[in-house]
Colleague: 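This is the structure I want to talk about, given as structure tokens.
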Amino acid sequence: MSQATATEDVREDGVIRSVSGPVVTATGLNARMNDVVYVGEEGLMGEVIEIEGDVTTIQVYEETSDVAPGEPVENTGAPLSVDLGPGMLYSIYDGVQRPLDELERRMNSAFLDRGVDAPGIDLEKTWEFTPTVEEGDEVAPGDVVGEVPETESITHRVMVPPDYEGGEVVAVEEGSFTVEETVVELDSGEAVTMHQEWPVREARPALDKKTPRTPLVSGQRILDGLFPIAKGGTAAIPGPFGSGKTVTQHSLAKWADADIVVYVGCGERGNEMTEVIEDFPELEDPQTGKPLMARTCLIANTSNMPVAARESCIYTGITIAEYFRDMGYDVALMADSTSRWAEAMREISSRLEEMPGEEGYPAYLSARLAEFYERAGRFDLINGDEGSISVIGAVSPPGGDFSEPVTQNTLRIVKTFWALDADLAERRHFPAINWNESYSLYRTQLDPWYREEVAEDYPEIRQWGIDVLDEESELQEIVQLVGKDALPEDQQLTLEVARYLREAWLQQNAFHDVDTYCEPTKTYRMLQAIKTFNDEAFDALDAGVPVEEIQDIDAAPRLNRMGTAEEYEEFIGELESDLTEQLRELY
Amino acid sequence: MKEYQTITEISGPLVFAEVDEPIGYDEIVEIETPGGETKRGQVLESSEGLVAIQVFEGTDGIDRASSVRFLGETMKMPVTEDLLGRVLDGSGNPIDGGPNIVPDERRDIVGAAINPYSREYPEEFIQTGVSAIDGMNTLVRGQKLPIFSGSGLPHNELALQIARQATVPEEDDASEGDGGSEFAVIFGAMGITAEEANEFMEDFERTGALERSVVFMNLADDPAVERTVTPRLALTTAEYLAFDKGYHVLVILTDMTNYCEALREIGAAREEVPGRRGYPGYMYTDLAQLYERAGRIEGRDGSVTQIPILTMPGDDDTHPIPDLTGYITEGQIYVDRDLESQGVEPPIYVLPSLSRLMDDGIGEGLTRGDHADVSDQLYAAYAEGEDLRDLVNIVGREALSERDNRFLDFAERFEDEFVNQGYETDRSIEETLGIGWELLSTLPAEELHRIDEEFIAEYYLEDETEAAAVEAE
């Protein structure tokens, strides 16, 4: 049951028995689990979540004020589904795929009213369909039968739905059609349109999962440089409030080199979503130069929108992502924040009076999280192509305590962990990702790519950087006790080098026009420049130059300006020779 | 309207009654006690034949013979522009002895969510005249920026100072005289003491702010359950004034901790499965439904800016109330006990404080081009100075390098000169940034690597005489 197939009147299949917030029970409703139902005179959308005897429990996706027992409930007989087809990019949806711009128009109000439906894709708009099959061709489920130029940067591939039988093409159309008109007919009697429906809680089929070997380049030095995520990988960003989860997610949504980005704002702030809506159409995709919005689909279920729709918005997002994956695209899905999703589950669970697990979360929390993250991956598709979904989930642990259930259950599944740190955020070290706690299990499998695409010695120089930072954190403990000047000179120098690693390399200004995106080669070159300084400085130290003199050379502070330098090749090249020259002059 | 005398159970703030007609969820209920007193409540759960009612004014005096009337509608707030200048109780009834309120409209107090698509991103700088806020954690119109405080700290003074001084500078010039950039203040008090209430009222009267204010008072000895309604009444009024009448509204809600306690009380009475520290699992959603009622709407003139105040139990910001609040609001301002005891007024601790909407509200054309860099640099330098304080306690000042000593001095002066300005000083943003540069100039220019070189050239005070000259001005 998707928004496109909704009807006007509420048919009386059952009757409301009780109402308590978003949870409504009804009798006489002959429904299956997860069927979509319309509740009350106003026809509020809901989903069946429990059946006990004749009593059906429903979670309602809208506010239930004033709904009373005795009002009718209509069963649509179909599970919650999304409308898939051209028109999803550039869109912004709520948690059950109602387009928010369309809702504004239909409600004629800036506030979200109840009981209003709108299809997920425009059913009247016509699209230019160019077939890629001819009469007589054999097509199977998942096969591409034609193309539609959906946006400036994305070609929408029209596929035979995965639940079709397939067969021989008997008729093909070309030209302008609405999404509901038949464009290809098969001898099995099946008609292919540009519109598919798919139940959100069911993963779209794919053949096989493969080991991902290409990184999802994010343009963020600490991520690409130290803790990369693969295309088809999973990552979690946990952090207390104010540590920059959302800024990191936004940076990823802007700069990640995915073909399609699905951004799910799950239970977060309204103004943040507005920022995305206002910013993205104006920003350019660094890969294609086209507007970022042309490859983006937004799902916004803010914290004050109904809690049940918050529970479903994650599924809506991942199903849309899978649909684009099936076309052979690399899709990145950002979920901000999965904790709000887990809390929505907890809230519904507690209204159902289920036996709680840890901290009141339902016992099936870890199963649901695993199920969701498992829908990510690099896949062999049923049409023989390849596609991937990378999932990056923000986690908002209460009190910033990573031992809480959502963080812990997430860490058991994801392979990249970007730990945000309130201390770093307080000193305005952004992105506030803690380099000692974070990890990426993709490093080794991505190394061949880095060697080939960036630099042959990339893994080695990265390891050098990690070693220096490790040594720094050990030395810092001593410094806390005795002060820096009490350390031997070589250790003082290591601290100096580590400081440049932190301040010049790891820090990145998301609000600076140049620094906001850093390509992998620049990330590498910057690290190399710091290593040059390190090597030359230690040579100087060995030659008997005091550490103060090394620290005071003119060129060193210029390391801090590398990130914002526009012509970085030139800037870094010059800087390296200046550093070398000035340090060698000392002895 | 049917009347029932069918109460079956009374427990804490809850009353259960049998009914023979369907009653809407959230509907308003009147209960008349045998003593003739009328109490109001709201339907918390409605099932066939039985409803659970949450009574706002407390259940004392209610017995099983009391009569229950269902009003057939959800809770409404009568709204009109005439509310400005009025003082109401926590349920919205006038307590200032003024005339009856003739409403233009009666609005549902739950309030629908603003469609994120219809919002306008807040980016108009509000000058509060407080350096630690304007310079470091800038407030913008349509933002929700709570004050995280503790018992016994001067958060009320700070809130009053903001309410008094807040203006939007550019518009001052444009619309001189008509007071268009002044804020209408909605004050929602939940469970504060009569003394605190007086403090606010006196200040409002002294400064003449009362005429552009609406005050909702739920005092500490008023029924706790009423507190769950008070902020909704306040915000409904705020939305009406902002989005229908074009006012820029500043909503001060104090104290959110009392509000959450009331939520917990109701949750416990309903025997709900508790979440962290006994607070209900839906507290995040509930708080979000309040805090998210701030913002701007495309095509409307007004705005709702929220400054909720909460006292953190045990000054612990991981406690569920500040924690959930921080996840919803767009930043937070910390009022700090140590700074307070050092005599810093207002004792704002800038390091953990944050304004998420700052980046878009400042800069060229809004405040000044160097604002973002200066604030970043002040943060970094102050953080470094703070770190060194720990070390000084162990090794002493002499053991530190000259560079470190400069940072220590900087941190001291930052607290004394930048943050400590007193509750009556109203600083323009130019003054705030000027003080910032004066302090930064005590550090070597090459240490200021967060600041663009061109700003250093323009604003950095090269030597002592230049610095002295600025000071003399």
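Letters A, B, ... mirror the listed sequences (proteins, then strands); counts begin at 1.
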Colleague: Picking from B/Val51, B/Asp387, B/Leu287, B/Leu290, which has the most non-hydrogen pairs under 4.5 angstrom with chain A?
Modeller: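 Option with the top pair count is B/Asp387.
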Colleague: Between B/Leu448 and chain A, with a heavy-atom cut-off of 4.5 Å, which part of the residue counts as in contact: side chain, backbone, both or neither?
Modeller: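 Only the backbone of B/Leu448 comes within 4.5 Å of chain A.
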Colleague: Would you mind checking which part of A/Arg114 comes under 4.5 Å of any heavy atom in chain B, side chain (CB onward), backbone (N, CA, C, O), both or neither?
Modeller: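 For A/Arg114, no heavy atom lies under 4.5 Å from chain B.
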Colleague: Can you name the closest pair of heavy atoms from B/Leu351 and A/Arg428 and give their distance?
Modeller: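 Looking at all heavy atoms of both residues, the closest pair is O-NH1, 3.9 Å.
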Colleague: With a 4.5 angstrom heavy-atom cut-off, could you sort out which part of A/Pro22 is near chain B: side chain, backbone, both or neither?
Modeller: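 Neither part.
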Colleague: Using 0.5 Å steps for rounding, measure from the CG atom of B/Asp26 to the OG1 atom of A/Thr64.
Modeller: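 Nearest 0.5 Å value for the CG-OG1 distance: 6.5 Å.
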Colleague: Please look at A/Leu298 and chain B and tell me whether the side chain, the backbone, both or neither of the residue comes under 4.5 angstrom of a heavy atom of that chain.
Modeller: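 Interface part for A/Leu298: neither.
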Colleague: Evaluate the side-chain proximity of B/Tyr25 to A/Val24: yes if any heavy-atom separation is below 4.5 Å, no if none is.
Modeller: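 Result no, sub-4.5 Å side-chain heavy-atom pair not found.
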Colleague: Tell me whether A/Arg427 forms a cation-pi arrangement with B/Tyr379, defined as NZ or CZ under 6.0 Å from the six-membered ring centre and within 45 degrees of its axis.
Modeller: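 Relative to the ring axis of B/Tyr379, which defines the angle, A/Arg427 lies outside at least one limit.
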Colleague: Side chains of B/Pro280 and A/Glu347: does their closest heavy-atom pair fall under 4.5 Å?
Modeller: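 No, every pair of side-chain atoms sits at 4.5 Å or beyond.
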Colleague: Might you point out which heavy atoms bring A/Asn271 and B/Arg119 nearest each other, and give the distance in Å?
Modeller: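 Taking every non-hydrogen atom into account, OD1-NH1, 3.4 Å.
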Colleague: When heavy-atom pairs shorter than 4.5 Å are enumerated against chain B, which of A/Gly244, A/Ala425, A/Ser303 gives the highest number?
Modeller: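 Between A/Gly244, A/Ala425, A/Ser303, the count favours A/Ser303.
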Colleague: Do B/Tyr284 side-chain atoms and A/Gly267 backbone N/O form a donor-acceptor pair below 3.5 Å?
Modeller: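 Checking the backbone N and O of A/Gly267 against the side chain of B/Tyr284, a donor-acceptor pair under 3.5 Å is found.
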Colleague: Between A/Val19 and B/Ser47, is any pair of side-chain heavy atoms under 4.5 Å apart?
Modeller: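 Not in contact.
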Colleague: Using the rule side-chain contact (heavy atoms from CB on, under 4.5 Å), only one of A/Pro398, A/Ser337, A/Ser396 pairs with B/Tyr327; which is it?
Modeller: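 That would be A/Ser396.
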Colleague: With the side chain counted from C-beta on, respond yes when B/Arg356 and A/Phe241 share a heavy-atom pair under 4.5 Å apart, and no when they do not.
Modeller: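 Counting from C-beta outward, B/Arg356 and A/Phe241 do come under 4.5 Å.
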Colleague: On a heavy-atom basis, which atom in B/Asn115 and which in A/Leu112 lie closest, and how many Å separate them?
Modeller: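 That closest heavy-atom pairing would be ND2-CD2, 3.6 Å.
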Colleague: If you count heavy-atom pairs within less than 4.5 Å of chain A, which of B/Ile394, B/Leu50, B/Thr285 leads?
Modeller: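 Sorted descending by pairs with chain A, the first entry is B/Thr285.
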Colleague: Could you check whether any side-chain heavy atom of A/Thr274 comes within less than 4.5 Å of a side-chain heavy atom of B/Glu120, counting everything from C-beta outward?
Modeller: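 They are not in side-chain contact.
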Colleague: Are A/Glu275 and B/Asp360 close enough that some pair of their side-chain heavy atoms sits under 4.5 Å apart?
Modeller: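 A/Glu275 vs B/Asp360: side chains touch.
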Colleague: In chain order, what residues pass the side-chain contact (heavy atoms from CB on, under 4.5 Å) check against A/Asn304, with sequence neighbours excluded?
Modeller: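 Residues passing side-chain contact (heavy atoms from CB on, under 4.5 Å) with A/Asn304: A/Thr302, B/Ala113, B/Gln289, B/Glu292.
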Colleague: Tell me every residue that passes side-chain hydrogen bond (donor to acceptor under 3.5 Å, both in side chains) with B/Thr74, counting only those two or more places apart in sequence or in another chain.
Modeller: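 B/Thr74: side-chain hydrogen bond (donor to acceptor under 3.5 Å, both in side chains) contacts with B/Lys76, B/Asp108.
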Colleague: As an exercise: rank B/Val395, B/Leu357, B/Val350, B/Leu324 by heavy-atom pairs under 4.5 Å with chain A and give me the winner.
Modeller: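 So the answer, after comparing B/Val395, B/Leu357, B/Val350, B/Leu324, is B/Val395.
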Colleague: If you count heavy-atom pairs under 4.5 Å with chain B, which of A/Pro240, A/Ser350, A/Gly70, A/Gly400 comes out on top?
Modeller: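 Of the candidates given, the most pairs with chain B belong to A/Pro240.
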Colleague: Can you tell which part of A/Glu71 gets under 4.5 Å to a heavy atom of chain B, answering side chain, backbone, both or neither?
Modeller: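 Answer is neither: A/Glu71 stays 4.5 Å or more from chain B.
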Colleague: Under a 4.5 Å heavy-atom cutoff, which of A/Glu359, A/Met273, A/Arg346, A/Glu278 has the most pairs with chain B?
Modeller: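 Ranked by heavy-atom pairs under 4.5 Å with chain B, first place is A/Glu278.
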Colleague: So which of A/Lys484, A/Arg310, A/Glu272 has the biggest tally of heavy-atom pairs under 4.5 Å with chain B?
Modeller: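 Winner by heavy-atom pair count: A/Arg310.
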Colleague: If I compare all heavy atoms of B/Ser46 with all of A/Pro69, which pair ends up nearest, and what's the gap?
Modeller: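 Minimum heavy-atom separation between B/Ser46 and A/Pro69: OG-CD, 3.0 Å.
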Colleague: Please state whether the side chain, the backbone, both or neither of A/Val482 comes within less than 4.5 Å of a heavy atom of chain B.
Modeller: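 Just its backbone gets close to chain B.
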Colleague: Would you name the heavy atoms of B/Leu391 and A/Val479 that are closest together and state the gap between them?
Modeller: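 Residues B/Leu391 and A/Val479, closest heavy atoms: CD1-O, 3.3 Å.
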Colleague: Looking at B/Thr329, is its backbone amide N or carbonyl O close enough to the side chain of A/Arg269 to form a donor-acceptor pair, meaning the two atoms are under 3.5 Å apart?
Modeller: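 At least one qualifying donor-acceptor pair exists.
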Colleague: With distance as the sole criterion, is a donor-acceptor pair present between the side chains of B/Glu45 and A/Ser18 under 3.5 Å?
Modeller: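 No, no side-chain donor-acceptor contact under 3.5 Å.
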Colleague: What part of B/Leu354 lies closer than 4.5 angstrom to a heavy atom of chain A: side chain, backbone, both or neither?
Modeller: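 For B/Leu354, backbone and side chain are both near chain A.
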Colleague: Which atoms of A/Glu268 are under 4.5 Å from chain B, going by heavy atoms: the side chain, the backbone, both sets, or neither?
Modeller: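 Both the backbone and the side chain of A/Glu268 come within 4.5 Å of chain B.
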